[in-house]
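Bear in mind the structure is a predicted one, so any value in this text is a computation, not a measurement. Throughout, numbering of the chain's residues begins at 1 and tracks the sequence. Just the heavy atoms: all of them, side chains too, but no hydrogens, waters or symmetry mates, feed the values below.
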Amino acid sequence: MNIQENDDFLAAEFVLGVLDEPTRAQLARRMTTNADFAQQVTRWQKAFSGIDVTTQDVTPAPDVWWAIQRDINQSTPLAAIAPVRSRPTAWVGWALAAALAGVLVFTYVTKPEQASPMQPVAVLSGAQPGEQFVVSVNKSASMIQVSALNVTLPQNKNLQLWLIKGSHPPRSLGLITRTTGNAFTLGTESLDNQSVLAISLEPVGGSKLAGPSGPVIFQGKISTL
């Protein structure tokens, strides 16, 4: 991962609020001295700004709340956690956090207690600055999620995701049909730091060839595995 990609991930995690306090404080100070990093944080804030409007308030079961608190802050005394459970407004923040996590960091599936951690592993860039796709992988590396950042999906066309491993021919993972939460099962395939993900512009329904039939407009290398 190059410095620019690492900064992009850090900025996203800063906005999502998933960093530990020392790291968050360090990045907050960096924003005052590094204009480029501050712009990346602002870009992510804008990208996530509509999620709190579209997300309904959700009250997790008590055991889910305790598990979340334990995982986030192992050092927090139980006596300090209990009062928070009685404040209804706290659930609004957790509902928003869950929605944001679905975009980048971790997603909640049908049952909240079955949360599946998601780790950002690639940023797919195109010709236009600021237009990107963020790729995350689950803990078992059996599924990836792809979400758009400042990208408008084409009309009367489809975007198709491809996995390229070394000298092997591209393998289609499927079509990108929405801006967030596109999930793809890897099957027996395994990702490594030599894997490349690419997105091509295809006719509706996808490429009829073994590989891309249209131009590859986004691509990026897997990192941090």
K.L.:
Please name the pair of heavy atoms, one in Gly206 and one in Leu175, separated by the smallest distance, quoted to 0.1 Å.
P.N.:
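Between these two residues, the closest heavy atoms are CA-CD2, 3.8 Å.
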K.L.:
Of all the heavy-atom pairs spanning Leu173 and Phe184, show the shortest one and how long it is.
P.N.:
O-CD2, 3.1 Å
K.L.:
Would you check if Val135 and Val123 make a side-chain contact, meaning some heavy-atom pair closer than 4.5 Å?
P.N.:
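Contact flag for Val135/Val123 side chains = no.
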K.L.:
Can you check whether Asp7 reaches Arg30 side chain to side chain, under 4.5 Å on heavy atoms?
P.N.:
yes
K.L.:
Is the backbone of Ala148 close enough, under 3.5 Å, to the side chain of Thr179 for a donor and an acceptor to pair up by distance?
P.N.:
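Checked: no pair found.
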K.L.:
Show every salt bridge (Lys or Arg N to Asp or Glu O under 4.0 Å) that has at least one partner inside residues 208-217, sequence neighbours left out.
P.N.:
none
K.L.:
Give every residue pair that meets the salt bridge (Lys or Arg N to Asp or Glu O under 4.0 Å) criterion with at least one member in residues 159-176, sequence neighbours excluded.
P.N.:
Arg171-Glu189
K.L.:
Show me the pairs that pass salt bridge (Lys or Arg N to Asp or Glu O under 4.0 Å) and involve residues 155-164, at least two apart or across chains.
P.N.:
none
K.L.:
Tell me every residue that passes side chain to side chain donor-acceptor pair (under 3.5 Å) with Asp36, counting only those two or more places apart in sequence or in another chain.
P.N.:
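With sequence neighbours excluded, Asp36 shows a side chain to side chain donor-acceptor pair (under 3.5 Å) to no residue whatsoever.
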K.L.:
With a 4.5 Å limit on heavy-atom distance, are the side chains of Phe133 and Leu197 in contact?
P.N.:
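They are not in contact (no side-chain heavy atoms under 4.5 Å apart), so the answer is no.
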K.L.:
Checking Asn182 side chain against Thr177 main chain: does a donor-acceptor pair fall under 3.5 Å?
P.N.:
yes
K.L.:
According to side chain to side chain donor-acceptor pair (under 3.5 Å), who are the partners of Ser142, at least two apart in sequence or on a separate chain?
P.N.:
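Once residues adjacent in sequence are excluded, the partners of Ser142 under the side chain to side chain donor-acceptor pair (under 3.5 Å) criterion are Asn138, Ser140.
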K.L.:
Quick one: pull up CD in Gln132 and OG in Ser125 and give me the separation to the nearest 0.5 Å.
P.N.:
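Between atom CD of Gln132 and atom OG of Ser125 there are 4.5 Å.
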K.L.:
Using side chain to side chain contact (heavy atoms under 4.5 Å, CB included) as the criterion, list what pairs up with Gln194, not counting sequence neighbours.
P.N.:
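Here the qualifying residues are Asp192, Lys221.
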K.L.:
Kindly compute the distance separating CG (Leu201) from OG (Ser207), expressed to the nearest 0.5 Å.
P.N.:
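If we round to the nearest 0.5 Å, Leu201:CG and Ser207:OG are 11.5 Å apart.
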K.L.:
Run the side-chain contact (heavy atoms from CB on, under 4.5 Å) check on Ile176 and Ile199 step by step: do they pass?
P.N.:
CA-CA 9 Å; Ile176 297 174; Ile199 297 174; 3.4 Å; yes
K.L.:
Could you tell me which residues satisfy side chain to side chain contact (heavy atoms under 4.5 Å, CB included) with Ser172, sequence neighbours excluded, listed by chain and number?
P.N.:
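Checked Ser172 against side chain to side chain contact (heavy atoms under 4.5 Å, CB included); matches are Gln160, Trp162.
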K.L.:
Are side-chain heavy atoms of Ser200 and Leu159 found at a separation under 4.5 Å?
P.N.:
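No. Closest side-chain heavy atoms not under 4.5 Å.
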K.L.:
Under the 3.5 angstrom rule, does the side chain of Thr42 hit a backbone N or O of Ala38 as a donor-acceptor pair?
P.N.:
yes
K.L.:
Does Ile164 sit in a hydrophobic cluster with other residues, and if so which ones, taking ILVMFWY side chains as linked at heavy-atom separations under 4.5 Å, directly or through other members?
P.N.:
Val196
K.L.:
Find out whether Val137 and Ile222 are in side-chain contact, i.e. whether some heavy atom of one side chain is under 4.5 Å from a heavy atom of the other.
P.N.:
no
K.L.:
Using atom types as modelled and distance alone, determine if a side-chain donor or acceptor of Arg178 lies under 3.5 Å from a backbone N or O of Gly181.
P.N.:
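Yes, because the side chain of Arg178 sits within donor-acceptor range (under 3.5 Å) of the backbone of Gly181.
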K.L.:
Kindly compute the distance separating CZ (Phe14) from CD (Gln40), expressed to the nearest 0.5 Å.
P.N.:
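Rounded to the nearest 0.5 Å, the CZ-CD separation comes out at 12.5 Å.
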K.L.:
Measure the shortest side-chain to side-chain distance between Ile144 and Leu161 over non-hydrogen atoms and say whether it is less than 4.5 angstrom.
P.N.:
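Of all side-chain heavy-atom pairs linking Leu161 with Ile144, at least one is under 4.5 Å.
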K.L.:
The criterion is salt bridge (Lys or Arg N to Asp or Glu O under 4.0 Å); which residues satisfy it with Arg24, sequence neighbours excluded?
P.N.:
none
K.L.:
Might you point out which heavy atoms bring Leu124 and Gly220 nearest each other, and give the distance in Å?
P.N.:
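Of all heavy-atom pairs spanning Leu124 and Gly220, the closest is CD2-N, 3.3 Å.
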K.L.:
For Glu131, which residues count as a side chain to side chain contact (heavy atoms under 4.5 Å, CB included) partner, sequence neighbours excluded?
P.N.:
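By the side chain to side chain contact (heavy atoms under 4.5 Å, CB included) rule, Glu131 matches Gln128, Val151, Phe218.
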K.L.:
Going by atom type alone, with no hydrogens or angles, which donor-acceptor pairs under 3.5 Å involve a side-chain atom of residues 210-217 and a protein atom two or more places apart or on another chain?
P.N.:
from, atom 1, to, atom 2, distance (Å)
Ser213, OG, Glu202, OE1, 2.3

K.L.:
Treating Asn158 as the side-chain partner and Gly205 as the backbone partner, does any N or O pair qualify as donor plus acceptor under 3.5 Å?
P.N.:
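Flag set: sc Asn158 to bb Gly205 pair under 3.5 Å.
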K.L.:
Can Val41 and Met31 be said to form a side-chain contact (heavy atoms from CB on, under 4.5 Å), step by step?
P.N.:
CA-CA 8 Å; Val41 171; Met31 289 176 60; 3.9 Å; yes
K.L.:
Mind checking side chain to side chain contact (heavy atoms under 4.5 Å, CB included) for Thr33 and listing every partner two or more places apart, or none if nothing turns up?
P.N.:
none
